[in-house]
Amino acid sequence: MTISPDLVTGALSLIITLFIFSYLIGDNVLFRVATYIFVGVSAGFIAGVAWWQVLWPKLIQPLIFGSIIDQALLALPLLGTALILVKISPRLAKMGSPAMAYLVGAGAAVAIGGALTGTLLPQMAATINAFDIQAATIRNMNLLTVMFNGAVILLGTVSSLAYFHFGAYVRPDGTVRRILPIELLAWIGRVFIAITLGVIFAGVYAAALTALIERISSIIYFIGTLQLP
Amino acid sequence: MPDIACPVCGEINSSEHEFCQHCQSRLNPLTGSLKGADAPIQPGQFPTKKNTAELEPILPQWLRDARDNARKSAEEQASEAAQKTQPQPNASTPDLLAGLQLQGADDEEETPDWLATITGVKPKSKKVEAEPTEVHWVELGKPDDVIQKEEAPASRGITATQLPSRDAPDEGGLPSWLAGTPVEDGETDELTAWLRQADTREQPRANPPAPKAEPAPDAPEAGPVPSEAVLPDWLKQMQADQSAAQALQETPKEQSPLADASSDDDWLKSLQQQSTAQVSPEMPAWLKGDAASLLKESEAEVPAWLKSSAAPPPAEEEPPAQEQFDLGDVPDWLKAAAPQSSVYEEAASPAPAAPETPEWLLSFQSHESGSTPAFAAESPGETAQVPAFTEESVPAANADNLFTELPDWLNAGVREPEAPSFAASAAPKEEAISPGELPSWVQAMRPVETPMTPSSASSDQTLETRGALAGLQGVLPAAPGMEPLSKPKAYSIKLQASEEQRAHAALLEQILAAETAPEPIASIPFLIVQRSLRWLLAGLLLLVLFAVLFLRTGLFTLPAGESNSIKDARITTEGIPEKAPVLVVFDYEPALAGEMEAAAAPLFDHMILLKHPNLTFISTSPTGGLLAERFISRRFDCIQCVSPADFNYESNISYVNLGYLAGGLTGVRAFAENPSTAAPVDINRANAWGSAPLQGVSSLSQFAAILVITDNAESARTWIEQTEAKRGSVPVVMISSAQAAPMIQPYYDSQQVKGIVSGLHGAAIFEQSNPGRTGLARAYWDAYSIGMLLAAALVAVGGIWNLALGIRERKTAEGK
């Protein structure tokens, strides 16, 4: 009788799922075994992926089988790699600083440029265009709806920013408070922030619930398949 | 002159002062550094002989003054003695009681206790005054005498009130006449000197003996015959009195071993006569004041020993073995008396003594009937004379025995070397005097019998009476002047703090104690309730979901209505050309694979079903490639569910999996710039850009659409931002988890993203666009709905419960 891989994988998934569910009664050995297996398998898989999909095809193979030009182009990446690996030693850690600086600098530049052109400017324009009647018309949206949406977005944005304004002065009675407009906007911003956090929490719960449903469904399906001849 | 710091208290004093102005201690110690000759004596070493004249500078000032006065008085007395024409007392009968007068002249002299008990008179208190020179005769002498003190402490003079040293001197420290050794020429000591003097005087002198002159303190003992100037003053005075007494009272002299025995009576007679007429300026007050009374009493109660001395001396017994007894310079009277009698021999028939007479006097009385006492010749008939050492009259018989018999300390030195001779002597036992309490001046002259230990290196045998070393002897003396003369100040060790400071200290202590004090945990029952509630809720949820999924209920309908984001997403997918390359990004974690697959399945079903695009899978997560493979080849665990596997997409034919894109956002940026360079091979390490799915594709803008399947907003933002410049008009559709949808919505509002399908809810809506094709959304929707309702109900119930508790607590607090 051959054992299908699906049966093995199904059984393993069932067992590990039950191990994870055992956390309901508290931290225990079964849960720890499942987590340790997950960590170990993940680490091994990631190491394999890093070698086969990054180091070998992009560094080792061109260096061995590539042309002279390819090898010359790999000199700097190879040097950077070696310098970063040198950071393992505390004595020689300073030698890897230039390579790390290059990585950090390049990443910061890409991140800042992308954030600027991909988020800040477009979002600012979108916020401004919230009261754009022409755009709303093109989109076949009710003008009142567009205005209301725009107002809510504007109020939410300003009040949320006002909530994080901490400039205050000391009143004659000794208490420290912000000026009244800021205090009012901060109160409104507190409401928006609370609603936002609630929505995020609901989304997280929904995602987790869906995952749970998928797991329970797979268990039921597996048990059901076992009964089948 | 620089100021001097006191070595005791440390205070600064002027150099002009000798003593500290604060503690009265000597500023400049008299002793120098202990080096060389002054080095301390080590245990086992014998002290080196020193010339005492060199040590005089270190003596205390009072002692130096006394020594000077003694020298002066001795010189004066020597000059006076030379001028005196008074007959010298019989040298053969040394007047041992001469010292009594001397003592009597000292007002400070304390009445011995034994005498006080007899007489019933309270001993006089000592008076602080300069020590009279008469007392110093036993201390002073030639510088060599100091050396002899170290060698023979027994012969060292001590004051009349000083207790004799307990440590026995060396055998060599005993005077020669006591040790029985021949007297050396250089050997001198006070007793030996006056004994020699007495001996020499008794030879030529035929007159009654006169009180021996007190030897000068520092008068050098040139030869064996001391001059009258060496005699102590009290002895001279006694001699003078004796001569006067003899003139008054003619008593037959006993022929005693001592020559000129009649002189003994004479001095006693003269003493009686002169006591009322003349008071020696040197006599102590107790003797001065009571001289008259003593005379009267003495006339009535003549000591027996004095009476016996008045009687004709019995047949003189030849001093047996006198020739055998070689005492060197011992006077003849001592030599004669030594074999015959002893003051301390037990009396055969002790004479009845007066009730108040001491024992030593009783012992003296025992000799009255016996042989001639040794000192009987000195006071044969001077019953009227009152002994100098008593305030009241001493029985004559006892007094006679006192002066006619050798004291025990003399017999001890005599008896030891010549024990056989003494044993053979015919000294009657009845003449022996039982040892009794000796007067202090006699005790001072008594040698110490205990042998001196050779290991004792200290010559100071002073008994320590105070301090931690009380009761010890041989303790190294403190440097003169270094002892604090004043009582040290007593400093209180109690902390001086005011009430306010104590209150602050107590408050600080309470604060510190509160910091470390453990707070009682009152939440143990609360923890138990929480754990039970968690189990209850978990069990309820699992049970409900399990039941719903198992029963495959269709109670809940799919959500109606299509949001704009979902609509746009659908429109976008419908606008993809057929068999066009579509880039699909799988940037979600395996933990949320159930939701993401359920959310992506309807769109993929709609897109593949309509357009059959060539899919290119890529991921910025290492596990993305596997997730992509799983998704495209998986058959969902649901009955009658449409799965991507139904489309039979094959690798490198219908799709290509580029696998993991390293570098994060820089990798995405690099892929956007040059996709073939950033991801040259697929997950099978084959050339991906030559495969059919990527035929004619060399840049990002050549893709028909970009589908980003992600569970976090950061990944979505990265792909949106980094491909903004290079994707051109390529539409981006987000398939996100329910938790990331709120963060990605602004990008949809800004038209950077063409459509969003978020979570199971979006999938359920989109799935309605595929009529007749049910997917996971329908299978999960009942359980998802019940789960969401249950969560909403529990949140509502919990909120209401907390609100009620808060109101009740507030009312309780207001009521208090």
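Please read all numbers here as calculations on a predicted model, not as lab measurements. Any value given below was found using the heavy atoms of this structure, including those in side chains, with hydrogens, waters and symmetry copies removed. Letters A, B, ... are given to chains in the order of the sequence lines, protein chains preceding strands, and every chain is numbered from 1.
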Student: Measure the spacing between CD1 of Ile220(A) and CZ of Arg552(B) and express it to the nearest 0.5 Å.
Tutor: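 It comes to 9.0 Å.
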Student: I would like to know whether Glu595(B) and Arg215(A) meet salt bridge (charged side-chain N to carboxylate O under 4.0 Å, His left out); could you show each step before the answer?
Tutor: CA-CA 10 Å; Glu595(B) 181 193 14; Arg215(A) 283 287 89 203; over 6 Å; no
Student: Rounded to the nearest 0.5 Å, how far apart are CZ of Phe546(B) and CD1 of Ile216(A)?
Tutor: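 It comes to 8.0 Å.
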Student: So, taking the atom named CE in Met596(B) and the one named CD in Glu214(A), what distance separates them when rounded to the nearest 0.5 Å?
Tutor: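 Result: 13.0 Å between the selected atoms.
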Student: For chain B, which residues of residues 116-125 of chain A have at least one non-hydrogen atom nearer than 4.5 Å to it?
Tutor: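 Within residues 116-125 of chain A, the residues that come under 4.5 Å of chain B (heavy atoms only) are Thr117(A), Gly118(A), Thr119(A), Pro122(A), Gln123(A).
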Student: Taking the side chain as every heavy atom from C-beta outward, state whether Tyr660(B) and Ile46(A) have any atom pair closer than 4.5 Å.
Tutor: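 Not in contact.
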Student: Check each atom of Leu592(B) against the heavy atoms of chain A and say whether the ones under 4.5 Å are side chain, backbone, both or neither.
Tutor: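 The side chain, not the backbone.
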Student: For Ile213(A), is it the side chain, the backbone, both, or neither that has a heavy atom closer than 4.5 Å to a heavy atom of chain B?
Tutor: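 Answer is both: backbone and side chain atoms of Ile213(A) are under 4.5 Å from chain B.
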Student: Working to the nearest 0.5 Å, report the span between OH of Tyr784(B) and OG1 of Thr210(A).
Tutor: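 That separation rounds to 5.5 Å.
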Student: Go through the atoms of Ala740(B) and report whether side chain, backbone, both or neither lie under 4.5 Å from a heavy atom of chain A.
Tutor: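 Neither part; nothing is under 4.5 Å.
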Student: Could you walk me through whether Leu542(B) and Leu212(A) pass side-chain contact (heavy atoms from CB on, under 4.5 Å), step by step?
Tutor: CA-CA 9 Å; Leu542(B) 289 174; Leu212(A) 177 61; 4.1 Å; yes
Student: Mind checking which of residues 17-40 of chain A sit less than 4.5 Å from chain B, heavy atom to heavy atom?
Tutor: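 The list, in residue order, reads Leu24(A), Ile25(A).
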Student: Please classify the contact between Gln751(B) and chain A as side chain, backbone, both or neither, with a heavy-atom cut-off of under 4.5 Å.
Tutor: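 Interface part for Gln751(B): side chain.
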Student: Check whether Val204(A) gets within reach of chain B through its side chain, its backbone, both or neither, counting any heavy atom under 4.5 Å.
Tutor: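 Contact with chain B is through both the backbone and side chain of Val204(A).
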Student: Given heavy-atom pairs under 4.5 angstrom as the criterion, report whether the side chain, backbone, both or neither of Pro590(B) touches chain A.
Tutor: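 Contact with chain A is absent: no heavy atom of Pro590(B) under 4.5 Å.
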Student: In Å and rounded to the nearest 0.5 Å, what is the CZ to CD distance from Phe201(A) to Gln739(B)?
Tutor: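 CD of Gln739(B) is found 12.0 Å from CZ of Phe201(A).
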Student: Kindly compute the distance separating OG (Ser217(A)) from CG (Leu545(B)), expressed to the nearest 0.5 Å.
Tutor: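 It comes to 11.0 Å.
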Student: Side chain from CB out, backbone as N, CA, C, O: work out which of these in Ile683(B) comes under 4.5 Å of a heavy atom of chain A, or both, or neither.
Tutor: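 Both backbone and side chain.
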Student: Looking at Lys58(A) and Ala679(B), would you say the former's side chain and the latter's main chain have a donor-acceptor pair under 3.5 Å?
Tutor: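 Here the side-chain-to-backbone pair does not exist.
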Student: Given a strict heavy-atom distance threshold of 4.5 Å, which part of Ile219(A) is in contact with chain B: side chain, backbone, both, or neither?
Tutor: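 Answer is neither: Ile219(A) stays 4.5 Å or more from chain B.
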Student: Heavy-atom distances under 4.5 Å only: say whether Leu209(A) touches chain B with side chain, backbone, both or neither.
Tutor: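 Only the side chain of Leu209(A) comes within 4.5 Å of chain B.
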Student: For Ala713(B), is it the side chain, the backbone, both or neither that has a heavy atom under 4.5 Å from a heavy atom of chain A?
Tutor: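 Nothing of Ala713(B), per the 4.5 Å heavy-atom cut-off to chain A.
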